[in-house]
Amino acid sequence: MQVFKFGGASVKNASAIKNVASIIKDYNDDLMVVISAMGKMTNALEELAFAYFKNEDWKTKLQPIKDFHDAIIQELLLHLDANFMKVYETKFEQLTQKLEKDPAPNYDYEYDQIVSFGEIMATTIVSGYLNTIGIANEWLDARKIIRTDNAYREAKVDWELTKALFLSKSGLFYQDKNKKNICIIQGFIGHTETGQTTTLGREGSDFTAGIAAWCLDATSVTIWKDVPGMLNADPKFFNNTELLSKISFREAIELSYYGASVIHPKTIKPLENKSIPLYVKSFLNPQETGTVIQKDVQYDALIPSYIFKENQILISISPRDFSFITEENMKDIFDQFSQCGIKVNVMQNSAISFSVCVDHQEEKVAKFIQRLENEYVIKYNTDLSLMTVRHYTEEVIEQLSKDKEILLEQRSRHTSRFVMR
Ligand code: ASP
Ligand code: MG
C-alpha cells in the first residue's frame, strides 16, 4: 500500500481535483490518500475562528467559505448527487451549529474545532467526486483515528494508539486483495482521548502522511506538489535551481531544519524509522521522477543547496556590568527564548556578548528584549537575511557574499551560514 498526500494547491479548484483523480486512477496499488484543505481555505477558516472567538460577525467570514466549496461542487456536478449533497450539507451544518454556540475561553481549542473543517470539506468533496467517476473509495475520519494529546494547535501524536486505530478502521478494508482499495483521510487533524478535535500545526498534512505510512507499514509515501521535487534552492529567490533527485533522510531533515519548506520537518522521522522512501513529485507532471528521499547517502554532497530566510533580526546581548557571559547568563537567556516562543536560527558568543539571529516576529522579540533589558545591554540589527549553504564550495561563497555586508558568519564541515544585509 502506498500513501499519497495532496496539499491545498493540488485541490484548489475543480480542474485541480480532476487532475488528482487522474493521478489516483493511474496507480494500481492500494492507496491511503491524505488531503489538505482546498486552496487558501485554512487561512479563511483561521479568520472565521478568530471572529467567532472575539464575538464579532462570523457570518460574513463563513459565507465565502461556503460559496467557495459550493462552486467547486457545482463544477464537478456533485450537486446532482442527492446522497452526496446530504452528507456535505450535514457537515457544513455541524460547523454552523458549532458557531452558533458561545465560544469556550480557550482560543486554541476553538481554533481546532473550526479550522479542521477545511480538511473535512476537502476530503468529503474529493471522495464524493471519485465515487461519481467510478473510483470507489472509503472516506476515513481522522477525528477517530489520529490520537493526540490536548495541546491544541500543536497536538502531539500517540503513536501506538493511532496505529491500533488505523488498523481497526482501515486494516480490514485493505485486506481485499482482488481489487484496488483506496482510503481518503484528512491531513492535519486528530482527536483527543475524549473526542475533541485537534490539529497538528500549520502545514501538518505531510506529517499525517508520515504517520499513516508508519502505522500501516506502507511501501512508500508520495507528496504531490506544484514543484518538480525538492530543489536545491527556492525558485522565488534563485534563478538556476537544480532538482535533488536522490537525497538521504538525514539531508532532508537538515535542509528542513535550516528552513527549506518543501516538506514539513516532522514527516521524515517516522519514515526514517521504518525505512519507508518518500517521493516528492509534481502533480502537474506526474510521469516525471521527482525526488526520492531514502536511506541511501552517497548522493547528498553532489549539489550545494541554498536556504534563504528573510526578515531576520540579529540581537546581541551583553551583561550590563561588562562581565563575562557565563552559563548562568545563557540559562536566563534561553529560558526567555523558550518562554517567548522564539526559535534561535544561529548563535555565536564572545567573552562579553552573545549574538543570536532569529525570525523577526515583532511582538515576541519585543517581549524578549523587555524581559532581559534590566540586566543586559541589548542591541540589534533588523532587515537582515540568513543564508545557509549545504555542501558549500569557496567559489559558491565568494559569489554569494559579493556586494553584501556580512554581520555574522559560521562554518562547519558541510554547512556555512551568513547573516547579511
Ligand atoms: N491545511 C493545513 C494548513 O494549511 C494543513 C496543510 O496544508 O498541510 O496549514
Ligand atoms: Mg494547506
Side-chain angles (χ1 to χ4, degrees), residues 3-13 16-17 19-20 32-50 61-62 64-66 68-69 72 91-92 95 107-127 139-143 145-146 148 151-157 162 184-191 197-214 221-227 230 252 256 259-271 278-283 293 359 361:
V3 175
F4 279 4
K5 183 260 171 174
F6 291 99
S10 65
V11 289
K12 66 176 182 201
N13 56 33
I17 294 169
N19 180 54
V20 164
M32 172 66 73
V33 181
V34 178
I35 296 176
S36 310
M38 294 170 163
K40 299 267 172 260
M41 279 300 113
T42 302
N43 294 355
L45 283 154
E46 279 186 339
E47 281 185 28
L48 171 66
F50 194 70
K61 303 279 183 196
L62 180 62
I65 295 173
K66 178 81 165 69
F68 175 89
H69 291 100
I72 291 179
K91 284 175 182 154
F92 238 107
L95 173 58
Y107 177 62
D108 291 348
Y109 166 81
E110 291 298 2
Y111 175 104
D112 284 2
Q113 309 319 302
I114 293 165
V115 172
S116 52
F117 272 90
E119 271 67 17
I120 298 294
M121 295 309 158
T123 48
T124 301
I125 293 172
V126 174
S127 168
W139 183 85
L140 297 178
D141 193 339
R143 298 170 302 182
I145 297 179
I146 308 281
T148 69
Y152 296 103
R153 293 183 73 180
E154 205 54 70
K156 283 208 182 53
V157 174
T162 299
I184 308 281
I185 191 168
Q186 308 77 39
F188 179 55
I189 70 179
H191 71 291
T197 304
T198 53
T199 65
L200 307 176
R202 285 300 308 259
E203 308 303 325
S205 294
D206 291 354
F207 184 34
T208 304
I211 299 166
W214 186 90
V221 173
T222 305
I223 296 185
W224 295 93
K225 308 255 332 169
D226 54 3
V227 289
M230 287 217 20
S256 70
S261 58
V262 177
I263 29 184
H264 191 285
K266 286 185 187 165
T267 316
I268 314 280
K269 183 172 169 258
L271 303 179
L278 169 61
Y279 295 88
V280 181
K281 284 162 79 94
S282 160
F283 60 75
I293 302 163
D359 295 350
Q361 297 167 292

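Whatever order the structure lists ligands and atoms in, that order sets their numbers, starting from 1. For the numbers below, each heavy atom of this structure counts, side chains included, while hydrogens, waters and symmetry mates do not. Because the structure is predicted, anything quoted here is derived from the model rather than measured.
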* Could an N or O of ligand 1 be found under 3.5 Å from any N or O of Ser205, whether backbone or side chain? -> yes
Q) Judging by distance only, is a nitrogen or oxygen of Glu203 under 3.5 angstrom from one on ligand 1? A) yes
query: Does Phe188 offer a backbone N or O that forms a donor-acceptor pair with the side chain of Thr208 under 3.5 Å?
result: yes
field: Under 3.5 Å donor-acceptor, Gln113 side chain and Thr197 backbone
entry: yes
* Asked: Applying a strict 4.0 Å limit to heavy atoms, is Gly118 in contact with ligand 1?
  -> no
request  = Just say parallel, tilted or perpendicular for the rings of Phe92 and His69, cut-offs at 30° and 60°.
outcome  = perpendicular
Phe68 atom CZ: more than 12 heavy-atom contacts under 6.0 Å: yes
Can you confirm whether Lys66 is buried at NZ, in the sense that more than 12 heavy atoms of other residues, nucleotides or ligands lie under 6.0 Å from that atom?
yes
So for Met41 against ligand 1, with non-hydrogen atoms under 4.0 Å, the contacting part is neither
A student checking ligand 1 against Arg202 at a 4.0 Å heavy-atom cut-off should list atoms 3 (C), 4 (O), 9 (O)
